[in-house]
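Naming convention: chains lettered A, B, ... in sequence-line order (proteins, then strands); numbering from 1 in each chain. For the numbers below, each heavy atom of this structure counts, side chains included, while hydrogens, waters and symmetry mates do not.
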Protein chains: 2
Amino acid sequence: MTPNKENFIKAIYELGGDHSVISNKKLVNNLSISAASVTEMNARLLKEKLISHVPYRGVKLTSSGIRIAHQLKRKHRIWEVFLFEKLGYDWNEVHADADLLEHVSSDLLIERLNDFLDEPKFDPHGGVIPNKDGSLPETSTFPLTDVGTGKPFKIKEVDDDKEFLNYLLEKDIQLGDRYTLTDVEPFDGPITLETPEGRQITIGHKAAFKILVDYVTE
Amino acid sequence: MTPNKENFIKAIYELGGDHSVISNKKLVNNLSISAASVTEMNARLLKEKLISHVPYRGVKLTSSGIRIAHQLKRKHRIWEVFLFEKLGYDWNEVHADADLLEHVSSDLLIERLNDFLDEPKFDPHGGVIPNKDGSLPETSTFPLTDVGTGKPFKIKEVDDDKEFLNYLLEKDIQLGDRYTLTDVEPFDGPITLETPEGRQITIGHKAAFKILVDYVTE
DNA sequence: ATATATTTTTAGGATATCCTAAAAACGTTC
DNA sequence: GAACGTTTTTAGGATATCCTAAAAATATAT
């Protein structure tokens, strides 16, 4: 397993390759490599039985592939917690270094780091940290686009993308914030939230989809 | 700069390539790669002006090469301090993981880690941590083989090699220990030390050479 | 349903790294 | 200083990764 293959598997996973078939095109855009390179890498991962492949359709992770993706996510997110909590990185700075560190982290290192950090359950963006064995803890979050009007909810997780995180900073939307939905425009139109203090924030449908929430249970 | 090239430069440095010409043979043994690969890598580093090369003689680091070697040592040793002090690694366990981490550590990461660790001056084996700019702090240590009889001295630094560290553990020789020399056999023969409590320890010449000491100043 | 556009694959190369085997240079020894 | 042994270099390949350009397959649109 090389850093390259690992990044490829991660990309497939992040595009939904654990449950649906991902086209080469999507991987080309996501990884910024040529279509030919995607075909080639597919062939390699196929040989290792980490993906299944429908010619001219795309690829999907096998169960081994999913397990590897989860273990990478575990490493990545544990590093993010370290960089954020111990080294004082900002919310939107942690991703790049974690992306490098995850590929050179022995299991021993990750487990000791995990202990050192007191076994965190979530990374700085609210992403759940997979278990050591590659399984995923249960979560009950769903996209902000699926929230019903009136019911109060909390921001539980946001997309781990530097530009998106900067946007949220601008809009002053933070992990743990509590809102109610006041307006949803049809045809994937903008969504308006209201803070308990009555401040209104309007964001687009795409941005809302990158925010995971859960209803407040009182 | 790739991890491979970095390791090559480190190997040259560790074999003394900052001050003398290192033969391909030595690099072949040290890096466990073929002679042909050494010739090839030499050509690459030569093109980048990181080494100078005397055909059929060997290579030597240029000043840029030395600076890079020092910066790598800095990264390596700061990681070692982290693994040892924060993650509870043993003295002889830190090397392998530090060797991987050093190649993916941005300057930002190293400086923040350095702050987090309170700017350590030495790694867990007593190795001095080079400065950020690639220069070396002054030290006054010298090999145990050069100690004179009678004068008390302290163990300041030991070779960062797993097997050697295990040997020292067996012999119960630790960083900071204070000894006097009681016997040196000629022809690179064994050297006998005595603790303040009168316990005697005998080690070979080669092992003694891997231990750096300094006289106790009282 | 046929033409056009898009996507995927194949073909053919480039570079970095590794290798083995053969050739060339150097060193050593009588 | 010629012969032998060692070290270095060269020659020729292998693999992983990347690429561009052309061909093949699929999707779309009139």
Side-chain angles (χ1 to χ4, degrees), chain A residues 1-17 20-62 64-65 68-69 72 99-100 102-104, chain B residues 1-17 20-62 64-65 68-69 72 99-100 102-104:
Chain A
M1 187 60 57
T2 66
N4 247 311
K5 279 186 196 164
E6 289 185 344
N7 280 329
F8 208 87
I9 287 172
K10 260 183 44 180
I12 296 171
Y13 180 78
E14 275 153 22
L15 292 168
S20 61
V21 167
I22 307 302
S23 71
N24 285 15
K25 189 72 198 302
K26 279 189 176 168
L27 290 166
V28 164
N29 294 335
N30 208 260
L31 292 164
S32 302
I33 57 173
S34 72
S37 297
V38 171
T39 298
E40 204 170 32
M41 185 62 98
N42 282 347
R44 257 175 252 138
L45 295 181
L46 193 63
K47 205 158 55 181
E48 293 175 46
K49 296 208 168 92
L50 299 175
I51 60 173
S52 58
H53 182 228
V54 186
Y56 290 96
R57 273 295 132 82
V59 296
K60 207 172 147 176
L61 293 171
T62 61
S64 330
I68 288 175
L72 282 167
D99 242 359
L100 296 174
E102 65 183 12
H103 301 296
V104 296
Chain B
M1 187 61 55
T2 67
N4 247 309
K5 281 186 195 164
E6 291 185 343
N7 280 329
F8 208 86
I9 288 173
K10 261 182 43 179
I12 296 172
Y13 180 79
E14 275 153 22
L15 293 168
S20 60
V21 168
I22 307 303
S23 71
N24 286 13
K25 189 75 199 302
K26 279 190 176 168
L27 290 166
V28 164
N29 293 336
N30 208 261
L31 293 163
S32 302
I33 57 173
S34 73
S37 297
V38 171
T39 298
E40 205 170 31
M41 185 62 99
N42 282 346
R44 255 176 253 138
L45 294 181
L46 193 63
K47 207 160 52 181
E48 293 176 45
K49 297 206 167 89
L50 298 174
I51 60 173
S52 58
H53 181 229
V54 186
Y56 290 96
R57 273 294 132 81
V59 296
K60 206 172 148 177
L61 292 172
T62 61
S64 329
I68 288 175
L72 283 167
D99 243 359
L100 297 174
E102 65 183 12
H103 302 297
V104 297

Between OH of Y56(A) and C1' of dT8(C) the distance, given in whole Å, is 5 Å
When V54(B), V21(B), L27(B) are each screened for side chain to side chain contact (heavy atoms under 4.5 Å, CB included) with V59(B), the one that passes is L27(B)
Below 4.0 angstrom from OP1 or OP2 of dC18(C), is there any side-chain N or O of N4(B)? yes
Interatomic distance, CD1@I9(A) vs CD1@I51(A), rounded to 0.5 Å, equals 8.5 Å
So CG of L61(A) and OG of S20(A): to nearest 0.5 Å the spacing works out to 10.0 Å
Rounding to 0.5 Å, atoms OG1 (T62(B)) and CG (L45(B)) come to a distance of 9.5 Å
| task | Would you indicate whether K5(A), at its atom NZ, is surrounded by more than 12 heavy atoms from other residues, nucleotides or ligands within a distance under 6.0 Å? | result | yes
To the nearest angstrom, the CD-P distance between E48(B) and dT15(C) comes to 14 Å
Between NE2 of H103(A) and P of dA16(D) the distance, given in whole Å, is 18 Å
CG (N7(A)) and CD (E14(A)) are apart, to the nearest 0.5 Å, by 9.0 Å
| query | Within less than 4.0 Å of OP1 or OP2 of dT17(C), is there a side-chain N or O belonging to R44(B)? | reply | yes
Taking dC18(C), dT9(C), dC18(D) as options, the one with an atom nearest any side-chain atom of P55(A) is dT9(C)
Numerically ordered, the residues 10-17 of chain A set in heavy-atom contact under 4.0 Å with DNA chain D is none
Rounded to the nearest 0.5 angstrom, the CG-CG distance for L31(A) and N4(A) is 9.0 Å
Rounded to whole Å, the CZ-P distance (R57(A) to dT7(C)) equals 13 Å
Before you tell me yes or no, could you show the steps for M41(A) and L46(A) under side-chain contact (heavy atoms from CB on, under 4.5 Å), namely the whole-Å CA-CA distance, both residues' side-chain angles and the distance that decides it to 0.1 Å?
CA-CA 8 Å; M41(A) 185 62 98; L46(A) 193 63; over 6 Å; no
Under a 4.0 Å heavy-atom cutoff, the residues of residues 20-41 of chain A touching DNA chain C are S23(A), N24(A), K25(A), A35(A), A36(A), T39(A)
*Would you call R44(A)-E40(A) a salt bridge at under 4.0 Å N-O?*
yes
F8(B) CZ to dT17(C) P, in whole Å, measures 10 Å
When rounded to whole Å, the CG to P distance for the pair N42(A) and dT17(D) reads 13 Å
